[in-house]
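Chain naming here is simple, since letters A, B, ... match the order of the sequence lines and numbering starts at 1 in each. Values reported hereafter were calculated over all heavy atoms of this structure, with side chains retained and with hydrogens, waters and symmetry mates removed.
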There are 2 protein chains.
Amino acid sequence: MRTPAELTERFRAQGLKITPQRVAVFDALHDNPTHPTAESVHSAVVARMPTVSLRTVYQTLNDLAEMGEISRLEVGTGSARFDPNVEERHHHLVCESCGMVRDLHVEVAPELGDDVPEGFEVVGAELVVRGRCRSCADKD
Amino acid sequence: MRTPAELTERFRAQGLKITPQRVAVFDALHDNPTHPTAESVHSAVVARMPTVSLRTVYQTLNDLAEMGEISRLEVGTGSARFDPNVEERHHHLVCESCGMVRDLHVEVAPELGDDVPEGFEVVGAELVVRGRCRSCADKD
DNA sequence: ACACAATCTGCAACCATTGTTAGAAATAAA
DNA sequence: TTTATTTCTAACAATGGTTGCAGATTGTGT
Ligand SMILES: [Mn+2]
Ligand SMILES: [Mn+2]
Ligand SMILES: [Zn+2]
Ligand SMILES: [Zn+2]
């Protein structure tokens, strides 16, 4: 994801308005490595602007995802996770116990072509590694 | 997944009762390569036993998953998919346009250990390859 | 400052899934 | 077979996450 300042540019270029709510979402995502849910982005935003609705957060997250500035992950933790790191191709590590999501910089399936049926256009590939993180394992 | 007959055995062994509803679910899953949703299992079951509720189908699918007879996949198509193929380890190919899910027999990330943080207990890894299937690509 | 289009909020609706419970059905005991 | 025990089913309500909607509000170019 670009910096909040650059996003402001891009939004303007598309005829979209710059509102304080949107900027607050940009800020909440910027350099955020936690793969937050919409709910947790909302919490962060509300800490500074108490009136912002969850609906608006979803709206902005969807807009950013549509522009390719962030990506939306479904890792089976109930709610979608949003990832501002679209620059580096990477995969994810998920703790099944606390829901933590971490980046995993691993190259995946080199000879993928072999088993993909003729005519299928591959768009992307996501690896999710599941397990328990250290702090969850220590708990019992 | 075992045959419906063998599942009948296993259910009895666990003190679970054999009902026609359950047998119908066993039958719907047996040798089914489509990775059906609960809804589509329900449709198949209802074709023979019109009164079976969706709740009962979910119940049985959960029981089977808990026993390890089937697995539940979250591939981002909205609803969970159920996979009776737990014998062969494999991954999946998903058409983003029609939701089709196909098996992908590919070996994944051999040197995975490198980037997994110390103390994280890996339970499993799932690769999802996304794109458009041939018939969807042909449509436009 | 004005006008207009885009946006925000609050709420209702939606979808997939699970909780609840009274009555029905399968199994075990007699 | 009849009865007793235990589990299951169906129907319905409730949940969590997300989106649709409408009227009030607010950026933005003039
Ligand atoms: Mn990431
Ligand atoms: Mn499969
Ligand atoms: Zn954890
Ligand atoms: Zn398709």
Side-chain angles (χ1 to χ4, degrees), chain A residues 4-5 7-26 28 35-43 45-46 48-67 70-82 99 101, chain B residues 4-5 7-28 35-43 45-46 48-67 70-83 99 101:
Chain A
L7 289 177
T8 293
E9 282 293 305
R10 261 205 104 189
F11 267 60
R12 280 233 176 75
Q14 311 233 337
L16 302 176
K17 294 180 175 172
I18 303 306
T19 66
Q21 292 91 336
R22 281 175 172 174
V23 174
V25 172
F26 298 167
H35 305 85
T37 62
E39 196 77 49
S40 68
V41 170
H42 183 237
S43 300
V45 165
V46 156
R48 309 219 158 196
M49 282 191 67
T51 64
V52 178
S53 72
L54 180 57
R55 188 67 185 86
T56 295
V57 171
Y58 269 110
Q59 189 70 255
T60 306
L61 290 171
N62 290 342
D63 291 344
L64 287 167
E66 218 160 295
M67 292 184 197
I70 65 178
S71 68
R72 183 200 204 98
L73 312 175
E74 308 275 356
V75 291
T77 50
S79 33
R81 314 291 291 244
F82 296 88
V101 179
Chain B
L7 289 178
T8 293
E9 282 293 307
R10 262 205 103 189
F11 266 60
R12 281 233 176 75
Q14 311 234 337
L16 302 176
K17 296 183 173 170
I18 303 307
T19 65
Q21 290 90 337
R22 281 175 172 174
V23 174
V25 172
F26 298 166
D27 289 344
H35 306 85
T37 62
E39 196 77 50
S40 70
V41 171
H42 182 238
S43 300
V45 165
V46 156
R48 307 218 160 197
M49 284 191 65
T51 65
V52 178
S53 72
L54 179 58
R55 186 70 184 82
T56 294
V57 171
Y58 269 110
Q59 190 70 253
T60 305
L61 291 171
N62 289 342
D63 292 344
L64 287 168
E66 219 161 295
M67 292 184 194
I70 64 178
S71 67
R72 184 200 205 96
L73 314 175
E74 309 274 357
V75 292
T77 50
S79 32
R81 315 290 292 240
F82 295 89
D83 192 344
V101 178

(message) Need one value for B:Thr19: base, sugar-phosphate or nothing, where a base atom within 4.0 Å counts as base even if backbone is also close, heavy atoms only.
(response)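 Contact class for B:Thr19: sugar-phosphate only.
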Please identify each residue that fulfils side-chain hydrogen bond (donor to acceptor under 3.5 Å, both in side chains) with [X], with sequence neighbours left out.
X: A:Arg12; value: none
X: A:Ser79; value: none
X: A:Arg48; value: none
X: A:Asn62; value: A:Arg72

(request) Sequence neighbours left out, what passes side chain to side chain contact (heavy atoms under 4.5 Å, CB included) with A:Glu66? Give chain and number order. (result)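 With sequence neighbours excluded, A:Glu66 shows a side chain to side chain contact (heavy atoms under 4.5 Å, CB included) to no residue whatsoever.
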(message) Quick test of your reading: applying salt bridge (charged side-chain N to carboxylate O under 4.0 Å, His left out), list the pairs with at least one residue in residues 52-64 of chain B, sequence neighbours left out, ordered by first then second residue.
(response)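 Found B:Arg22-B:Asp63.
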(request) Can you sort out the partners of B:Tyr58 under ring pair (Phe, Tyr, Trp, His ring centres under 6.0 Å), two or more places apart, ordered by chain and number? (result)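 Partners of B:Tyr58 under the ring pair (Phe, Tyr, Trp, His ring centres under 6.0 Å) test: none.
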(message) Holding to ring pair (Phe, Tyr, Trp, His ring centres under 6.0 Å), I want the full list of residues that pass it with A:Phe82, two or more places apart in sequence or in another chain.
(response)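 Not a single residue meets the ring pair (Phe, Tyr, Trp, His ring centres under 6.0 Å) criterion with A:Phe82.
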(request) Heavy atoms of chain A, cut-off under 4.0 Å: which first and last nucleotide of DNA chain D, 5' to 3', fall inside that, if you could look? (result)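 Counting from the 5' end, contacts occupy D:dG17 to D:dT28.
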(request) Using a 4.5 Å cut-off on heavy atoms from C-beta on, say whether the side chain of B:Pro20 contacts that of B:Val23. (result)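 No, their side chains stay 4.5 Å or more apart.
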(message) Using five base pairs at each end to define the local axes, how bent is the helix from C:dA1-D:dT30 to C:dA30-D:dT1, to the nearest 10°?
(response)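 Computed angle between terminal axes is 30°.
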(message) Counting only heavy atoms and a strict 4.0 angstrom limit, can you tell me which residues of residues 9-18 of chain A come near DNA chain D?
(response)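 The answer is A:Arg12, A:Lys17, A:Ile18.
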(message) Using modelled atom types and a 3.5 Å cut-off, is there a donor and acceptor pairing between side-chain atoms of B:His42 and backbone atoms of B:Val52?
(response)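 Indeed, once roles are kept as given, a pair shorter than 3.5 Å links the two residues.
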(request) At under 4.0 Å between heavy atoms, which parts of nucleotides 15-24 of chain C does protein reach? Answer with one letter per nucleotide, 5' to 3': B base, S sugar-phosphate only, - none. (result) -SSBBB----
